[in-house]
Amino acid sequence: MKLLSVVVPAFNEQEAIPIFYKEITKEFESLKKRWDQLEFEIIFVDDGSTDDTLKVVRSLRKEDLRVRFVSFSRNFGKEAALFAGFEHARGDFTVCMDADLQDPPALLSQMLSAVIDEGYDSAATRRVSRKGEPPIRSVFARLFYRIINRMSHTDIVDGARDYRIMTKKMMNSILSMKEYNRFTKGIYGWIGFRTKWLEYENVERVAGETKWSFWKLFKYAIDGIVGFSTAPLSMATYFGIFMAFVAFLLIVFIIVKKLVFGDPTSGWSSLVCILLMLSGIQMFCIGIVGQYLSKTYLETKRRPIYIAKDTSDEEEEG
Ligand code: UDP
Ligand code: MG
């Protein structure tokens, strides 16, 4: 007997969950035909939803014991939800999927066959198109991947989804990374393991709305860079050295000009401009240091990654 755990982070997904459940159980049936030893469980992680998400999940649980859930005391974000799902998953294989069916269940059989038959540790998916997404978002997303891959030694794949299946071994190594500032896409790259990449066209969500505002994504991008690269810190250093060097050349130039040609030094406005520019750059560099400092600060507090208010396991034990 092998068990497949499906981890589903859900934040205000009351409309999407019933549709998701119907589709995924249909897929389970067809997977069962290919691997008759396979059992399934679905772990919904209610990320502090303010709608009836938990109620919907509870009613599914009543009908189907393969459904389990963890419910957070507030919204902790998708990264925390994934971590909680992984902690509760009991499967030999674990797959994470969005509740909005943007991760096509039809790919599951290919993903399973990669880990069961072909001996991969993991099978991951990436979107080759961003059809249906606001164009401005695609532009920034592309830019982000280009920047982070320049800066970080960890390979972070453009268009990679969180939709990924992995073996227990690989999942345990993810769980061993207890950092508070989580950037799962980077963590996957960092731990290594053999991954098979599957590609597919973008699918639009079935119901509800995207939970990511532009600012949320922007902050997420900064978290990713700060979490997996220290390049911005060295950049500040190099820039400082470069500026000091330029200033030194200018000083020599001005002194020589004064001594040899006797020109009085002029240029009040250029001085102000330079001063303003340099103090701007200084503030920027201090800001970079501040970003790392704030992450370090949060990390040293060792706060839990999430707080679960209710779980299906607890409720049924008593
Ligand atoms: N999600 C979550 N917590 C959040 C935001 C999102 O658990 O704070 C879940 C959401 O319910 C969905 C998945 O993460 O199942 C992906 O979110 P969404 O579809 O809004 O993102 P997009 O597909 O637009 O990138
Ligand atoms: Mg989505």
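For ligands, and for the atoms within them, numbers begin at 1 and follow the listed sequence. All values reported here derive from a predicted model rather than from experimental measurement.
- Nearest protein heavy-atom neighbour of atom 18 (P) of ligand 1: Arg205 NH2, 3.4 Å.
- Of the possible polar contacts, one joining the Ser49 side chain to the Asn12 backbone as a donor-acceptor pair under 3.5 Å is found.
- Glu41 and Ser5 share a donor-acceptor pair across their side chains, judged by distance under 3.5 Å alone.
- Distances below 4.0 Å separate heavy atoms of Pro9 from the following atoms of ligand 1: 7 (O), 9 (C), 10 (C), 11 (O), 12 (C), 15 (O).
- Under the 6.0 Å distance and 45° angle rule, Arg164 counts as a cation-pi partner of Tyr188.
- Under the 4.5 Å side-chain criterion, counting only non-hydrogen atoms from C-beta, Phe76 is in contact with Ile307.
- The existence of a salt bridge linking Lys26 and Glu23 is confirmed by a sub-4.0 Å separation between a basic side-chain nitrogen and an acidic carboxylate oxygen.
- Side-chain atoms of Met97 and Val7, non-hydrogen and from C-beta on, never get closer than 4.5 Å to each other.
- With sequence neighbours excluded, the residues satisfying ring pair (Phe, Tyr, Trp, His ring centres under 6.0 Å) with Tyr306 are Phe72.
- Of all heavy-atom pairs between Tyr163 and Pro105, the closest is OH-CA, 3.9 Å.
- When only interatomic distances are considered, the shortest N/O to N/O separation between Ala81 and ligand 1 does not fall below 3.5 Å.
- Around the Mg ion (ligand 2), the protein atoms of type N, O or S that sit closer than 2.8 Å are Asp100 OD2, Gln102 OE1.
- The protein atom (non-hydrogen) at minimum distance from atom 8 (O) of ligand 1 is Asn75 ND2, 3.2 Å.
- Defined by atom type and a distance below 3.5 Å, a donor-acceptor pair is missing between the side-chain atoms of Thr311 and Asp313.
- Residue-level proximity to ligand 1 for Met97 is absent, since no heavy atom of it falls below 4.0 angstrom.
- Shortest contact from atom 5 (C) of ligand 1 to any protein heavy atom: Lys211 CB, 3.6 Å.
- Closest to atom 10 (C) of ligand 1 among all protein heavy atoms lies Glu13 OE2, 3.2 Å.
- Contacts between Val45 and ligand 1, counted as non-hydrogen atom pairs separated by less than 4.0 Å, are absent for every part of the residue.
- Both the backbone and the side chain of Asp98 come within 4.0 Å of ligand 1, judged by heavy-atom distances.
- Side-chain atoms of Asp310 never come within 3.5 Å of backbone atoms of Ser71 as a donor-acceptor pair (strictly under, hydrogens ignored).
- The pair Asp98-Arg161 meets the salt-bridge criterion, with a side-chain N (NZ, NE, NH1 or NH2) lying under 4.0 Å from an Asp/Glu carboxylate O.
- Note: Phe218 and Phe214 have parallel aromatic rings, judged against thresholds of 30 and 60 degrees for the angle between ring planes.
- Of all protein heavy atoms, the one lying nearest to atom 17 (O) of ligand 1 is Trp212 NE1, 3.7 Å.
- Contact atoms of ligand 1 toward Gln102: 19 (O), 22 (P), 23 (O) (distance under 4.0 Å to a heavy atom of the residue).
- Using a 3.5 Å distance cut-off with no hydrogens or angles, the side chains of Tyr220 and Lys216 do not pair a donor with an acceptor.
- Counting protein heavy atoms only, atom 3 (N) of ligand 1 is closest to Asp47 OD2, 2.6 Å.
- Scanning the protein heavy atoms around atom 1 (N) of ligand 1, the nearest turns out to be Phe11 CB, 3.8 Å.
- Taking every heavy atom of Asp100 and a limit of under 4.0 angstrom, the matching atoms of ligand 1 come to 19 (O), 23 (O).
- The side chain of Arg137, and not its backbone, has at least one atom closer than 4.0 Å to an atom of ligand 1 (non-hydrogen atoms only; side chain from C-beta on).
- A distance-only check finds a donor-acceptor pair linking the side chain of Thr25 to the backbone of Tyr21 [under 3.5 Å].
- Residue Arg161 has no N or O atom closer than 3.5 Å to an N or O atom of ligand 1.
- Checked by atom type, the side-chain pair Asn181/Asp223 shows no donor-acceptor distance below 3.5 Å.
- Listed for the Thr53 side chain is a donor-acceptor partner under 3.5 Å among the backbone atoms of Glu13.
- The proximity of Lys78 to ligand 1, defined as any non-hydrogen pair under 4.0 Å, involves the side chain as well as the backbone.
- Numbered from 1 in the order shown, with element, the atoms of ligand 1 that lie under 4.0 Å from a heavy atom of Lys216 read 8 (O).
- Taking every non-hydrogen atom of Gly77 and a distance limit under 4.0 Å, the qualifying atoms of ligand 1 come out as 3 (N), 8 (O).
- Scanning the protein heavy atoms around atom 24 (O) of ligand 1, the nearest turns out to be Thr210 OG1, 2.7 Å.
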